[in-house]
Amino acid sequence: MAREISTVGVVGLGTMGAGIAEVLARSGLDVVAVELDEAGVERGLGHLRHSTERALAGGKLDEAGREALLGRIRTTTSLTELSEVDLVIEAIPENLAAKAEVFTQLDQVTRPDVVFASNTSSLSITEIGVHTARPGKVVGMHFFNPAPVLKLVEVVRTVVTEPDVVSDVVEFAQRLGKSPVVMGDRAGFIANALLFGYLNHAVRMYEQRYATREDLDAAMRFGCGYPMGPLALLDLIGLDTAYEILDTMYHQSRNRLHAPAPLLKQMITAGQLGRKSGRGFYTYDAPDSPVVVDSVTSSEVDSSVAREVRSVGVIGTGTMATGIAEVFAKRGFAVVLRARSMEKAEASVAKVKKSLDKAVVKGKLSEEDAAAALGRIRPVTEFEELADVDLVVEAVAEELSVKQAVFSALDEVVKSGAVLATTTSSLPVIECAAATSRPGDVIGLHFFNPAPVMKLVEVVSTIATAPDVTATATAVCAAVGKHPVHCGDRAGFIVNALLFPYLNDAVKMLEAHYASADDIDTAMKVGCSLPMGPFELLDVVGLDVSLAIERTLFNEFREEGFAPAPLLEHLVTAGRLGRKTGKGFKDY
């Protein structure tokens, strides 16, 4: 039978503890909150008053409700006052010795059947629980900050936690209006374990000057729909907090990808902790302010040297090729769409017409503009028809030999001074350039699917790309309403290089029976506000495509942590490729 929980003890009334106490009292529970001294109690009550005043101002609470809520919270400086509570949630600072001491004392003053929950975000629940005579009744209950607002609660079971304790705590979290997920006891649990590896990777990219902070952040916002870029998010979390979490994860996993980037330590030593200190990766107008005062919109590219582009050739007939043709035609460029047969070329133009018609129905485009855009696209079958275009965008199959054959053919016929671009998402751009006699004119223009909708384009310069070619590509992106980000020519560019190791980590987490696919997806959507969970996204992208990208990353960087998870290899071998086959990590 489920435990009856009506009174809850909260140990620690910092920002987190006060938030948890508020959540409990809002749900009609009586709360006994313990702090070290009267000054701590007063600070905690200040947090509660401030938070409930904001709820009152926002119309989420009325005055009577606020008074009733605060009336359900009793404060004390003595743990002995918790003798009659039904559950204890510990929320003191992240120090193992201090937490162990609290749990030892709680063991002596509470009833033997009372469950102890720790709100730790990175410490081992097992190590905390062994300091009690009831390790089977110790769990992690990790709320996210601010607790009254964020829905996710990670319920962490150890190897000795009793099954009924886990189910009771999950039920209790649901009663609080939260979305609980269950996992094993490992550094970072679900959300932090997946999030911080990705954040650390972004810091390394910035540290290596592979991309600017603005381009790294814009790439993940526009390319993946993330609410914040990785460096802006690190500033919000606090670089010192991030360092501690990564360091704890590294000491448990020994995974080099979790070893904090050296730049983090340097910035912390210099007092650049992020928003709370007024300076981190960005500079803010005051400590704790969200207002950035030193932001620049994009990489420094001299637009004055850009070549003129009036006509564009697009090679290919797939979704990406037709999408790119539509993007350019809608913005007034003359487009020559080259296909292997006139039948394929006309089918591609028909796809563009269908897309334009949809935009007209939705009121995003007038009938006249749609007709004019369609009229700018000329379908052809011969490479010679591209002789006079100013820019060629290749969007054929993601096979190096196929792309090289296209670039070799273009080199023979396209006029001198034209820019040759590839849309590859994972192949080396320099390999395409090497198939021509003009590598300085070759660049990567990686559009995202669907091209008419997605704002991001990765502009990939090789070591041979001429500066005026980079400037031309940047100007063209602006002309078609896209947001360009700049990076060097290495596997994955920005988005895929940051995204796919994170997806791979999620597969390894599932493979280790550490948490279910549904709980991992929920943790990342609810806890990190991501548009999709990792397994939903893998199924949409296609497991075969994902595996190919992960192999490319591993082959280039030889980083042990990038090695594709065996489970992903097995699913692809078994033909479970995601939504396109009806079965992937989930069944459709």
Do [X] and [Y] come close enough that some side-chain heavy atom pair is under 4.5 Å?
X	Y	answer
L234	V203	yes
L106	L79	yes
P180	Q174	yes
V459	I443	yes
F116	D107	yes

Would a distance-only check, ignoring hydrogens and angles, find a side-chain to backbone donor-acceptor pair under 3.5 Å from [X] to [Y]?
X	Y	result
K525	I520	no
K508	P566	no
E556	A491	yes
E458	V495	yes
E22	S51	no
D489	P428	no
E214	L216	no
T104	H131	yes
Y284	S277	no
R175	I5	yes

Pairwise distance [atom1]([X]) to [atom2]([Y]) - rounded to 0.5 angstrom:
X	Y	atom1	atom2	answer
K137	D164	NZ	CG	7.0 Å
L195	I245	CG	CD1	8.5 Å
L571	L547	CG	CG	10.0 Å
L273	T241	CG	OG1	8.5 Å
L82	Q105	CG	CD	10.5 Å
S179	L152	OG	CG	7.0 Å

Parallel, tilted or perpendicular: which describes the rings of Y198 and Y502, with under 30° parallel and over 60° perpendicular?
tilted
Indicate the ring-plane relationship of Y206 and F281, choosing parallel, tilted or perpendicular according to the 30° and 60° boundaries.
perpendicular
Step by step, would you call D185 with T158 a side chain to side chain donor-acceptor pair (under 3.5 Å)?
CA-CA 5 Å; D185 182 20; T158 72; over 6 Å; no
Give me the atom names and distance for the closest heavy-atom approach of [X] to [Y].
X	Y	answer
A563	N504	O-ND2, 2.9 Å
R579	M532	NH2-CE, 4.3 Å
G197	L246	N-CD2, 4.5 Å
H258	A193	NE2-O, 4.4 Å
N496	L553	O-CD1, 3.8 Å
N555	R558	O-NE, 2.6 Å

Y210 ring centre to R490 NZ or CZ under 6.0 Å, with the angle to the axis within 45°?
yes
With no hydrogens and no angle check, just 3.5 Å: does a side-chain donor-acceptor pair link [X] and [Y]?
X	Y	answer
T283	D294	yes
E398	T424	yes
T77	D37	no
Y243	N200	no
S461	T470	yes

Assess whether side-chain contact (heavy atoms from CB on, under 4.5 Å) is satisfied between I89 and V11, documenting all intermediate values.
CA-CA 6 Å; I89 301 173; V11 182; over 6 Å; no
I'd like to know if [X] and [Y] make a salt bridge, using a cut-off of under 4.0 Å between side-chain N and carboxylate O.
X	Y	answer
D518	K586	yes
R551	E569	yes
E560	R256	no

Step-by-step salt bridge (Lys or Arg N to Asp or Glu O under 4.0 Å) determination, K276 to D240:
CA-CA 10 Å; K276 60 186 170 189; D240 50 346; 2.8 Å; yes
Could you walk me through whether D519 and Y514 satisfy the side chain to side chain donor-acceptor pair (under 3.5 Å) test, starting with their C-alpha distance in whole Å, then the side-chain angles of each, then the deciding distance to 0.1 Å, before giving a yes or no?
CA-CA 10 Å; D519 276 356; Y514 172 66; over 6 Å; no
Could you give me the CA-CA distance, side-chain angles and deciding distance for T15 and R43, then say whether side chain to side chain donor-acceptor pair (under 3.5 Å) is met?
CA-CA 9 Å; T15 311; R43 272 195 305 274; over 6 Å; no
Using the rule given for salt bridge (Lys or Arg N to Asp or Glu O under 4.0 Å), can you reason through R275 versus D288, listing the C-alpha separation, both sets of side-chain angles and the distance that settles it, and then say yes or no?
CA-CA 5 Å; R275 280 195 198 178; D288 291 317; over 6 Å; no
Is there a ring pair (Phe, Tyr, Trp, His ring centres under 6.0 Å) between F562 and F554 once you walk through the steps?
CA-CA 5 Å; F562 287 177; F554 179 62; 8.2 Å; no
Ignoring hydrogens and angles, write down the donor-acceptor pairs under 3.5 Å from the side chains of residues 218-232, residues two or more places apart or on other chains.
none

Walk me through it: do I20 and N119 pass the test side-chain contact (heavy atoms from CB on, under 4.5 Å)?
CA-CA 9 Å; I20 294 167; N119 180 59; 3.8 Å; yes
Got more than 12 heavy atoms from elsewhere within 6.0 Å of CZ, R49?
yes
Would you say R279 has more than 12 foreign heavy atoms packed within less than 6.0 Å of its CZ?
no
Worked check of side-chain contact (heavy atoms from CB on, under 4.5 Å) between I190 and M509:
CA-CA 8 Å; I190 296 176; M509 197 178 262; 4.1 Å; yes
Please report the C-alpha distance between E94 and S122 in whole Å, then the side-chain angles of each, then the deciding distance to 0.1 Å, and finally whether the side chain to side chain donor-acceptor pair (under 3.5 Å) criterion is met.
CA-CA 8 Å; E94 291 288 83; S122 60; 3.1 Å; yes
When E127, H142, K99 are each screened for side chain to side chain contact (heavy atoms under 4.5 Å, CB included) with T120, the one that passes is K99
Would F172 and L29 satisfy side-chain contact (heavy atoms from CB on, under 4.5 Å), going step by step from the backbone distance to the final call?
CA-CA 11 Å; F172 178 67; L29 293 152; 3.7 Å; yes
